[in-house]
Amino acid sequence: MTPGTPIVEFSHVTKIWHEGTPQAFTAIEDVSFSIEDFPGRGEFIGIVGPSGCGKSTLLNLLAGFREFFPPSRGEIRVHGQPICGPGIDRGMVFQKYSSFPHLTVEGNVRFGLRLNRKTLGLTEEEIAASASEWIRKVGLAGHEHKYPHQLSGGQQQRVAIARSLALKPGILLMDEPFSALDEPTRLEMQALLVELWAEVQATVFIVTHSIAEAVYLGDRVWIFSPSPGRIAHEIRGLPLPVPGVPPLEAQRKPEFTAAVEAVSAEFRRIETGGRK
């Protein structure tokens with residue numbers, strides 16, 4: 001990657017389902033953006049918008065998943081190169097718990113490492129050590145030999161995060177990862193994510209229906225328009241989360257409350273087509 005090359009670029013990207021048929025539906029339309037690389041830091045982009053506006057489609061296109069890729073129009077580049085499918089440089093954490101039910105916690109975290117061992121140049125001993133390290137980092141030490149059905153929802157999402165981050169992706173895609181969790185667990189997972197983000201220094205995109213979550217986690221927040229989805233508004237300069245400071249404490253501060261109110265007002269304006 002040459003100096004100054006954006007880590008992610010969308011150039012006039014449109015995705016039309018069933019194009020050319022009476023069932024044609026435009027999920028996102030003419031989406032363009034450029035995310036710069038911030039060595040030693042990374043960036044966190046929160047994405048909010050009405051249901052069905054294409055937020056998840058954007059993530060799945062960037063992930064390169066076969067069901068979504070390629071876009072109907074436009075180009076997606078990562079580190080200056082057009083993508084042609086999934087890659088270990090992009091990790092994904094889904095809304096639904098995505099662990100393999102027949103594998104233990106340890107087996108799930110090892111899975112991606114083993115699948116990509118040649119690319120990563122890992123020995124079996126290194127795979128075991130990396131899996132053990134990430135299980136510890138996400139707070140699951142002592143649960144290595146449990147199966148997904150023996151875990152809580154928060155624990156299952158910890159497994160998914162460990163499995164993704166063990167591959168050391170430069171880009172982490174998160175599609176409503178905490179939406180099914182109760183509020184205390186959700187706050188706990190937000191705190192964990194802030195700590196891990198400070199360590200891995202990745203570029204993170206998180207789709208969420210919680211404006212407070214987007215504001216708390218994001219360097220910037222994108223508000224999508226109703227379908228067909230576009231980035232209707234971008235808000236920068238948000239107060240950044242600090243590792244070690246509990247989310248609830250940070251979210252009680254006046255500057256945080258003011259930011260949530262500002263994003264909420266803009267969300268309502270966009271959702272109603274600009275009407276006050």
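At distances below 3.5 Å, not a single donor-acceptor pair connects side-chain atoms of S227 with backbone N or O atoms of G229. For S130 (side chain) and I127 (main-chain N/O), no donor-acceptor pair under 3.5 Å exists by modelled atom type. Using a distance-only test at 3.5 Å, with no hydrogens or angles considered, no donor-acceptor pair links the side chain of R73 to the main chain of V13. Not a single donor-acceptor pair under 3.5 Å links the side chain of D175 to the backbone N or O of Q95. Panel note: side chain R77, backbone E9; no donor-acceptor pair is recorded below 3.5 Å. Counting only distance, with no hydrogens or angles, the side chain of N108 and the backbone of L103 share a donor-acceptor pair below 3.5 Å. In terms of modelled atom types and a separation under 3.5 Å, the side chain of Q155 and the main chain of G153 share no donor-acceptor contact. Remark: the backbone N or O of G237 is not paired with any side-chain donor or acceptor of R220 at under 3.5 angstrom. Not one N or O on the side chain of K15 forms a donor-acceptor pair closer than 3.5 Å with the backbone of F69. Using a distance-only test at 3.5 Å, with no hydrogens or angles considered, no donor-acceptor pair links the side chain of E19 to the main chain of I16.
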Worked check of side-chain hydrogen bond (donor to acceptor under 3.5 Å, both in side chains) between T208 and E176 | CA-CA 5 Å; T208 175; E176 297 184 50; over 6 Å; no
Verdict with supporting geometry, E144 and R136, salt bridge (Lys or Arg N to Asp or Glu O under 4.0 Å) | CA-CA 9 Å; E144 293 88 342; R136 177 186 59 78; over 6 Å; no
Report the C-alpha distance between Q190 and Q251 in whole Å, list the side-chain angles of each, state the deciding distance to 0.1 Å, and finish with yes or no for side-chain hydrogen bond (donor to acceptor under 3.5 Å, both in side chains).
-> CA-CA 12 Å; Q190 289 175 1; Q251 293 174 25; 3.2 Å; yes
Side chain to side chain contact (heavy atoms under 4.5 Å, CB included) assessment of L61 paired with I28 | CA-CA 10 Å; L61 282 168; I28 62 173; 3.7 Å; yes
Could you give me the CA-CA distance, side-chain angles and deciding distance for I206 and I45, then say whether side chain to side chain contact (heavy atoms under 4.5 Å, CB included) is met?
-> CA-CA 6 Å; I206 184 167; I45 298 98; over 6 Å; no
Can you check side chain to side chain contact (heavy atoms under 4.5 Å, CB included) on L167 and L120, steps first, answer last?
-> CA-CA 8 Å; L167 295 171; L120 297 170; 3.7 Å; yes
Begin from the C-alpha positions of T119 and N116 and carry the test side-chain hydrogen bond (donor to acceptor under 3.5 Å, both in side chains) through to its verdict.
-> CA-CA 5 Å; T119 302; N116 297 282; 4.8 Å; no
Apply side chain to side chain contact (heavy atoms under 4.5 Å, CB included) to F267 and F224, showing your working.
-> CA-CA 8 Å; F267 185 105; F224 263 52; over 6 Å; no
Given the rule in the salt bridge (Lys or Arg N to Asp or Glu O under 4.0 Å) test, do R269 and E266 qualify, once you have shown the distances and angles that lead to the verdict?
-> CA-CA 5 Å; R269 186 190 69 79; E266 191 62 29; 2.4 Å; yes
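Looking only at atom types and distance, the side chain of T57 has no donor-acceptor partner in the side chain of N60 under 3.5 Å away.
In this pair, W197 and F44 present their aromatic rings perpendicular. The plane angle is above 60°, beyond the 30 to 60° band. Note: Y216 and F256 have perpendicular aromatic rings, judged against thresholds of 30 and 60 degrees for the angle between ring planes.
The hydrophobic cluster containing L238 also contains L193, counting ILVMFWY residues as joined when their side-chain heavy atoms lie under 4.5 angstrom apart, directly or transitively. Using a 4.5 Å cut-off between side-chain heavy atoms of Ile, Leu, Val, Met, Phe, Trp and Tyr, with links allowed through other members, F10 and W17 fall into the same hydrophobic cluster. Hydrophobic clustering, with ILVMFWY side chains joined whenever heavy atoms are under 4.5 angstrom apart, groups I76 together with I231. Connection of L192 to V105 is established within a shared hydrophobic cluster, with ILVMFWY side chains joined at heavy-atom distances below 4.5 Å, either directly or through further cluster members. A continuous path of hydrophobic side-chain contacts links V207 to F65 [ILVMFWY only; heavy atoms under 4.5 Å].
Between E199 and K137 a salt bridge is recorded (basic side-chain N to carboxylate O distance below 4.0 Å). Salt-bridge check for E234 with R236: passed, with a basic side-chain N closer than 4.0 Å to an acidic carboxylate O. Ion pairing between R117 and E124 holds under the 4.0 Å rule for side-chain N and carboxylate O. Using a 4.0 Å cut-off between charged nitrogen and carboxylate oxygen, E106 and K146 do not count as a salt-bridge pair.
Considering only residues two or more places apart in sequence or on other chains, L115 meets the side chain to side chain contact (heavy atoms under 4.5 Å, CB included) condition with F111. For Q81, the side chain to side chain contact (heavy atoms under 4.5 Å, CB included) criterion is met by no residue, not counting sequence neighbours.
Residue pairs meeting the ring pair (Phe, Tyr, Trp, His ring centres under 6.0 Å) criterion with at least one member in residues 122-149: none, sequence neighbours excluded.
Each of T26, V31, D30 was checked for a side-chain contact (heavy atoms from CB on, under 4.5 Å) with P228, and the lone residue meeting it is T26.
Heavy atoms only, all atoms of each residue included: T185 and G154 are closest at CG2-CA, 3.9 Å. Among all heavy-atom pairs drawn from S99 and Q156, the shortest one is OG-O, 4.1 Å. Between S164 and M92 the shortest heavy-atom distance is OG-O, 3.1 Å.
Counting only heavy atoms from C-beta outward, the side chains of L172 and T203 never approach each other to under 4.5 Å. By the 4.5 Å heavy-atom criterion applied to side chains, F205 and M174 are not counted as neighbours. Between Q157 and V93 there is a side-chain heavy-atom pair separated by less than 4.5 Å. Residues E36 and I7 have side chains not in contact (no heavy-atom distance under 4.5 Å, counting atoms from C-beta outward).
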